Structures are given as structure tokens and as C-alpha cells.
Amino acid sequence: MHKRFEHQAIEAKWQKEWKESGIYDAGERDTKKEKEYVLVEWPYPSGNLHIGHWYAFAVPDIYVRLRRMQGKQVLFPIGFDAFGLPAENAAIKRNINPREWTESNIAYMKEQLSSMGNAFSWDKTTASIDPDYFRWTQWMFTEFFKNDIAYRGEGIVNWCPGCNTVIANEQVLANGACERCDNMIEKRKMSQWMLRITDFADALTDDLAELDWPEHIKEAQRNWIGRKSGAEIDFKLSINDEVVKVFTTRPDTLFGVTYMVLAPEHDLVQKYKNQILNWNEVEAYIEVSKQKVEQDRLDNTKEKTGVKLEGILAINPANGERIPVFIADYVLISYGTGAIMAVPAHDERDFAFAQKFDLPIVQVVSGDDTVPYSGEGQLMNSGSLNGAASDVAREIITEKVGGRMTNTYRLRDWSIGRQRYWGTPIPIVYDPEGKAHVVPEQHLPWSLPEDVDFKPTGEAPLAKSQELKERTEKIFGAGWTPEVETMDTFVDSSWYFLRYLDSKNAESLASLAVQKDWMPVDTYFGGAEHTTMHLLYSRFWQKALFKLGLVADKEPYRRRVNRGLILGPDGNKMSKSKGNVVDPDAQVKLVGADTVKMYLAFMGPYQGANYPWDLGGLAGLRRFLERVNGLMEHVVESESKATTTLLHKTIKKVSDDIENYKFNTAVSALMILLNQVEKEGLSKNTYTVFLQLLAPFAPHLTEELWSEAGQSDSIHATEFPAYDAALAKDEMVTIGVQINGKMRGDVTVSPEATEAEVLVLAQENTNVATYLEGAEVVKVIYVPGRIINIIVQLR
RNA sequence: GUCUAGGUGGCGAAAUUGGUAGACGCGCUACCUUGAGGUGGUAGUGGGAGUUAUCCCUUGCUGGUUCAAGUCCAGUCCUAGACACCA
């Protein structure tokens, strides 16, 4: 019997050792080595590590450890995204300070994280709640304000009644619910702190081309930004020379415009309420559409509704015809200009609306003769432009009527003000006239007041702070008042990867020199849920900083890897209510951190899919490590050539697979090697190489066995084994023999065997021979090392 | 509706990118072993036929290209995610 695998003792021993030696600290940049910046999304310190954290951190650690052993200087930092609602809610519930709650959680989670045994660069940690950190969050905000990237704007906002605060568009789910608390969002008109992400919409779209990201993530961002090219065209109204701006992707259909539609919230509706003859009816419609929840309004299976504005007409600039004006809730105030020119012959929605209200339908593009037809064609009923190709006519018509070609976007500016306590205070003060001023740098960090009752009422908690009020007056003068909103936590996480680099820098957010050392992030591992939120926000943030000369790169992340989800053993998403939550601490205690980590790596491809936790599967990996633990017993004087060959194949496979994030097949390659060497024996050298191959996956066990084998250095400081192509070459290969494309047998030959040699051997195969009898060989296809296909014809 | 992924054994999945489908692991079966509670060993394990040799079928479905298709092309049906009255 072999010795027991005492995982608890081994793990404790080496975690202590690593911590004391600081072996994984990134340290100063050593330019003799290539750099590699590996980033994982910093966790929210909820107080307990769950299995998702393990999947998010322990599996990328395999990649990190390989890169380290390959001689790269790897930066693999970790920190905490520690502002946010849960702390505030917990504090309310337990009547304690959110900071106490958060900081004790961080302390506890740091311990849990070290039980993972990751090669984290603990010397580079930071947290969003550190005054040293949010001081710079605030400073960047003041720079953005000075450069008109941050502004106070009146706008329609998403109000979450559950969180009692405004949330950004990106945080509203498709069904109109809050991303955090699942309450339905209400639209409110409010003055808000906004960031001009829309100014960067083109760059955010175009620069995706340079990134080494999976195409589907790029596509999701492009769709979210939603750039469309078209034309902006002015339509005159019959009153006061008033003009309505309209955005259209099809200016070529201008002659087919038979009416126009404004969004119910359009400014001009209120402005001319006295001229609108049926105002009562119009007002009632506006009220109804206000009541409608987003979901109803977006439901395109419902019949179109709208009201004609009696007494107002618009003039089609192409042909001078007077056309009616409607309001209808199928036109959205937040998209384009909030007004459309309606072309019922060539747009399905306009067509449905025209039929209901009995409006004229004029075909201006010849297509397949069905109406509505939204494809391209030749213009008709379009005056001098008849016969022109529709795509060519777009610019001609636009120019002719004094419009301009332009783009429109689905993306909206980012509202970042939150009516909550536990966040980065917005460093703005108002003078007695109510004008906003930034808090000057010498007063940063602009700290969070402590004398606050932060129960959510809808009003910002900071408004109740006497200390904040006094502080403001003391510094700025009587009558000055503080901004009382705090920032969206997505702001905090938009630049943390920069602060890791230089977390103790008191002069700047991160020096340009250090940024040049480490940026950009080489690989960013994270969750799919951040595709259109964090990932887009932080790209924007980086671009805004780049514009101000504060960073060296215009894109933060070179490669992105989105992982899947770990489900409960029942195949459902883990949740307390379903009772299917797997506690990683318990699993680690039972089978060890190495086992849990390897199991997570082995479940399936890291990118993409979701996998149910399977206790049997976990036991399988434990068995594997038990066998490794006893592998020394199989060491022999000299091993077979086949074993050496397999070893070198495995070296190549393991390093290639890890580099491509295919951790599952790398593990299986190690299993195949173990199966072989247990049966056939292995040399002392192969034994140590095997440990090195396994080291990224099972750092504790391999370190222990390495030291038992008499090595004095850490296995994790050794160079990853080199693959020798000559040794990896098989002496003999098995080749499949096909007759007319069907497998009929196989032959074993040298990899250099010629077609003629293989053919002779194939013909000697008794089963193959029966198919060749009485037949004529017409053609032979030989793929060296793979297959030989003999095409025969019956004589 | 649009976009993006996917559909391979009882399960998680592999497949050198057009070349022996199901590697590896789980589970299961049989036998051995252990005093024993998710952790020992050996053999087997896609379906069907056959005593063996071997044969037939098999990667959602239908066609096609090819000496050869899980892989390429066309169509079609499901599943998941994102976006959605976007002008």
C-alpha cells in the first residue's frame, strides 16, 4: 500500500511557505523577462467564497503558473470591488457600519483565497473602498468634468423602486426589471450625473477590430452600441416655421413619405398644445403611454396605436406635399431624434400604422411588387430621380433637401449618480447660485461622512449628513452645498487594473512608466454577464483617460476569455432556495484544493458552457491525485521508448492546451500518461518531469513530492519541461485501411513508410484481402500516418 | 423577429481542423480484494446480429460536394444566451 495523501497537512505547509517566501509576488518589472498581465475580475466581498469564485480564479491560475514556469514575469493581481448595495443592506439589517462589515468580509475572504493556493501577486492588491483608491476615482471624475466628459444632464432615467436609486440602461434587464433586485424599473425625468460614453461610440465600435476577443463578444458590444448610418432631414411644420428633425436609414424613400410620427414625449407636442385642436384626446394618449410599462410598449405583436395632431401639418421636403402628423408610442423619444418620417410602402411598422389609420401608401422603390418592401431597387414616383438605384439615391436626395448624412446609436450616455450611501462620493460642490464646482485635488479624497442614516428613502443619504455640510461650508464658504450622490460601482471597477500596477502611488492614479511596463492586460478572464456592462464601461474609461493623456494605451484588454457557469448537482443554477449550493470550503476540506481545482479544469472547455457539479467526477480527480501520490513506487531503472515518446507528446499537448485555455484536454493528457507509466514503469527523470507538468494543476501535491524527491527549490520556480520533437516521434504508427471508403482493417508501419509499402501490408491483411479478391484496384489514396483508402471495382 | 453560440453514448465530454467517431473521466456490469461509510484491483461497456472471425447501423433531421464528412455547402427542426416597434 502506498502512503496516504494528507492533503490538509500538505496544503497548510506549502501555503505558509509560499506566503513567507513571497514567491508569487510580481515585484518590480524585470525587463530581462517578457511580461504577462493576467487579470481576473475582482470579487465583491460578500463574506463567503462560492464555487463560482473558484472557477473564476483557480482555473486561470493554471494558465498563470504555466506562464511563470515558461520564464514570463507574470502579474496576477487580486483585490476587492467593495462598494455597493449589499454592504449597505447588511448594515441596515444589523445596525452596523458598512465599512466594518465590508472590511471584516475582506479579511475573511483573503484567508479563503489563500486556501485556494493561487499564485496571486499579493504585493499588488487594492480595494475600491481604500481612500488611496477612491481618491483617484474622484480625481478622474473631476478631470472628466473639467473636460466635459462628465456633465449634469436632465434626462429620463431608470428608477429602481427596490434599490431606491437610479440605475444605468445597461443594468435594466430585457424584461424591464432591475439587474440587482428584480423589481420593475420606472422611467423618471431627473437631473443626473452623466458620462459622455456616446462621444466614444465610434471608437468603441471600430477599435474592436484590433482586439483578440471571441467574435461573439465583439458582436454583442457592436449590437449594444447599435451604430446605424442614415440621414438627418428637417421637416417644416405648418406653424411658426417650426422644424422637426428626423433620422432615417432610408432617405431614398423620401418621396414615399405620407405622414410623420413624433414620440408622445416629444418637446414640440407640449410646445404647441394650444394649436392642437384635439388636445384633450392627445393628452389622454400621452397619459396612457406614460403608464405603459416598457415591456408593453416594446411588444411588437400588439396593434399600433396613435393620435393625429389636428391642426398641424408637416411638409415633405422632397415634393412639398402637406402630410399629417401623429404621435404614437411605437416611436421612442430615446432613439434617433424621437421623430420619424413614415414610409408605409417600405417599412412594416409604418405600413401597419397606415392601414389602421387609412393613410396613403405610395411605392417609390420597385422591388418584388409586394408591399411593404424594404429591400433595394430602382426609384419610382420620385420626380427627376426615377430610375436611380435606391442605394445611390440616398446621398443625392439627402443633399437635395438640405439634410446631412449621419450616424445614430442605440447607446445612451452613462448615468453614474446613485442615491445611496456606500459608494464613492461624487467630488462636486455647489456655490450659492447652484453652479457645480469640482472639489480641488488638495481636498481629495473627499471622504464619506459617517454621521448618516442610510436607510433607503429615495432621497440621497448623504443629504442628511451635518458633517458633510459643515465640511463644505468650512472649505468653500457659507452657502456652498455638497453633492450628495455617490457613484455607480461600475465606475470603481472601470480602472482597477491600472491601480493594481501602482497601488501605492500618491502622485498619480498609476505612473505612465509603470503602465508601459505592464499594460495592456494580456488575458482577461471573466463572466459573460459583463459583456455589455463592465467590459464596455472600462473600455470607455480607458479611452477617456487616453484622450486626457493619462494612460498609454487606448484599449485595456488584449484577449478576453468568458467562462461558463458551475451549476448545482441537479443541473440548475445554484441557489439557496433550491438547496443545491455546493460549498467550496467543505469540498476543499474533504478532497483538497488541488482536487477541486483540477476537477473544475477537467469538467469541459473553459470558454462558454455551463457544467453541473458532479460528486463522482470530483472523486475521479481525487483518485488521480492519489495515484500520483504513489507514483514513486513505479520508478524503474530504465523506461521503454514508448514511454519516453508519450512523455514528450504530453509535454507538447499540456503546454499547447493550457496556452489555448483548453484545460480539460490538458488534464486528460496527464491521465493518459499516468495510466501508461503506472503500467509500464517510468524513469526517475520522467517522474520529475511528470511532476512539473502537473505543477500548474496541483501546486500543493507536486511541491510536496518535488521536495520528497530531494529537490531544494520550489517546483514552481523551475523551468517548464521542454518538448523534444525527435523524442516525441512514434517508431510505429497504426494506419487504417479503407476499401471504397469503408474501414476494413489496419496495419502498423513506420511513419516514413511509402504508399507502396503500406499497400503491400494492407493486401496481406486477411480481412482486407477478401475485399480485394476478384476486384481491380482503380485508385489508392494514402495519407501518411493516418489512412490508406483503396478504391476497387468488381471485374 | 434579428444576432450569437450550440445539438456527438446513461452523464461531462474528445476528435490532430476533411482522414480509424466516442480519447479521458463519471456511471454501470462481472469477478477479485478490504473489517469498513462518496477514495482498492482486473476486465468489459454506443446500438443491433453472430459461437468466433466479422458484418450492419450510428454525431438533431433532409439533401449535396468528396476517394473520404461530426467537420465543408444548401435547406430544415430544436436548445441556450443577447438584442428587439431602433426609424
Side-chain angles (χ1 to χ4, degrees), chain A residues 1-2 4-5 173-174 214-224 226 228 230 246-250 253 260-261 263 297-302 304-305 328-332 334-343 347-350 352-353 408-410 528-529 531-532 571 590-591 595 599 602-605 607-627 653 656 662 664-672 674-675 734-746 766-767 770 778-792:
Chain A
M1 278 324 283
H2 38 219
R4 285 196 56 185
F5 172 23
L173 301 177
E215 189 51 41
H216 70 272
I217 303 180
K218 293 187 186 184
E219 192 60 23
Q221 289 214 350
R222 275 187 219 111
N223 288 342
W224 185 267
K228 283 234 170 116
V246 151
F247 176 81
T248 177
T249 54
R250 293 297 299 272
T253 63
M260 104 184 281
V261 185
R297 217 168 135 166
L298 298 184
D299 188 347
N300 58 3
T301 60
K302 295 235 166 88
K304 300 264 178 293
T305 60
D329 63 9
Y330 82 93
V331 175
L332 307 177
S334 55
Y335 186 76
T337 61
I340 62 159
M341 55 176 236
V343 189
D347 181 280
E348 264 183 60
R349 290 152 303 163
D350 297 346
F353 192 86
T408 195
Y409 305 87
R410 209 190 74 95
E529 68 276 17
T531 302
T532 50
L590 200 63
V591 296
T595 305
Y599 171 58
F602 185 61
M603 290 179 119
Q607 306 202 52
N610 305 331
Y611 308 102
W613 187 263
D614 174 40
L615 292 170
L618 183 68
L621 270 297
R622 170 69 192 201
R623 255 192 303 270
F624 171 79
L625 290 177
E626 298 266 11
R627 287 162 60 199
K653 174 104 180 119
D656 284 357
K662 287 160 72 177
N664 55 332
T665 48
V667 173
S668 85
L670 289 167
M671 289 172 165
I672 291 167
L674 181 71
N675 289 346
T734 304
I735 287 181
V737 181
Q738 295 182 339
I739 304 296
N740 289 344
K742 284 202 177 269
M743 294 303 310
R744 295 301 174 193
D746 52 43
T766 48
N767 192 44
T770 61
V778 182
K779 192 179 173 187
V780 175
I781 293 121
Y782 175 53
V783 183
R786 297 261 130 237
I787 207 160
I788 184 163
N789 190 3
I790 305 166
I791 312 304
V792 298

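Keep in mind the model is a prediction, meaning the values are calculated, not measured. Within every chain, numbering begins at 1; the chains are lettered A, B, ... in the order of the sequence lines, protein sequences first and strands thereafter.
Residue A/N664 places its side chain closer to B/A14 than to any other of B/A14, B/G12, B/A15.
A/N767 comes within contact range of the sugar-phosphate backbone alone, with a heavy-atom separation under 4.0 Å but no base atom that close. If you check every strand for non-hydrogen atoms under 4.0 Å, A/D614 touches sugar and phosphate atoms only. Contact annotation for A/R744: backbone-only contact, meaning every heavy-atom pair under 4.0 Å involves sugar-phosphate atoms and none involves a base. Using a 4.0 Å heavy-atom cutoff across all strands shown, A/D347 reaches no nucleic acid atom at all. At a threshold of 4.0 angstrom between heavy atoms, the contacts of A/I672 are confined to the sugar-phosphate backbone, with no base atom among them.
Between A/T734 and A/R250, it is A/T734 whose nearest contact on RNA chain B lies nearer the 5' terminus. The nearest heavy atom of RNA chain B to A/K779 and to A/L590 marks one nucleotide each, and the one closer to the 5' end goes with A/L590.
Using a 4.0 Å cut-off between charged nitrogen and carboxylate oxygen, A/R222 and A/E215 count as a salt-bridge pair.
Ring planes of A/Y330 and A/F353: tilted class, angle from 30 to 60°.
Counting only distance, with no hydrogens or angles, the side chain of A/R744 and the backbone of A/I739 share no donor-acceptor pair below 3.5 Å.
Spacing of P atoms, B/A69 relative to B/A13, comes out at 27 Å, to the nearest Å.
The distance from atom CG of A/L618 to atom C1' of B/C26 is 11 Å, rounded to the nearest whole Å.
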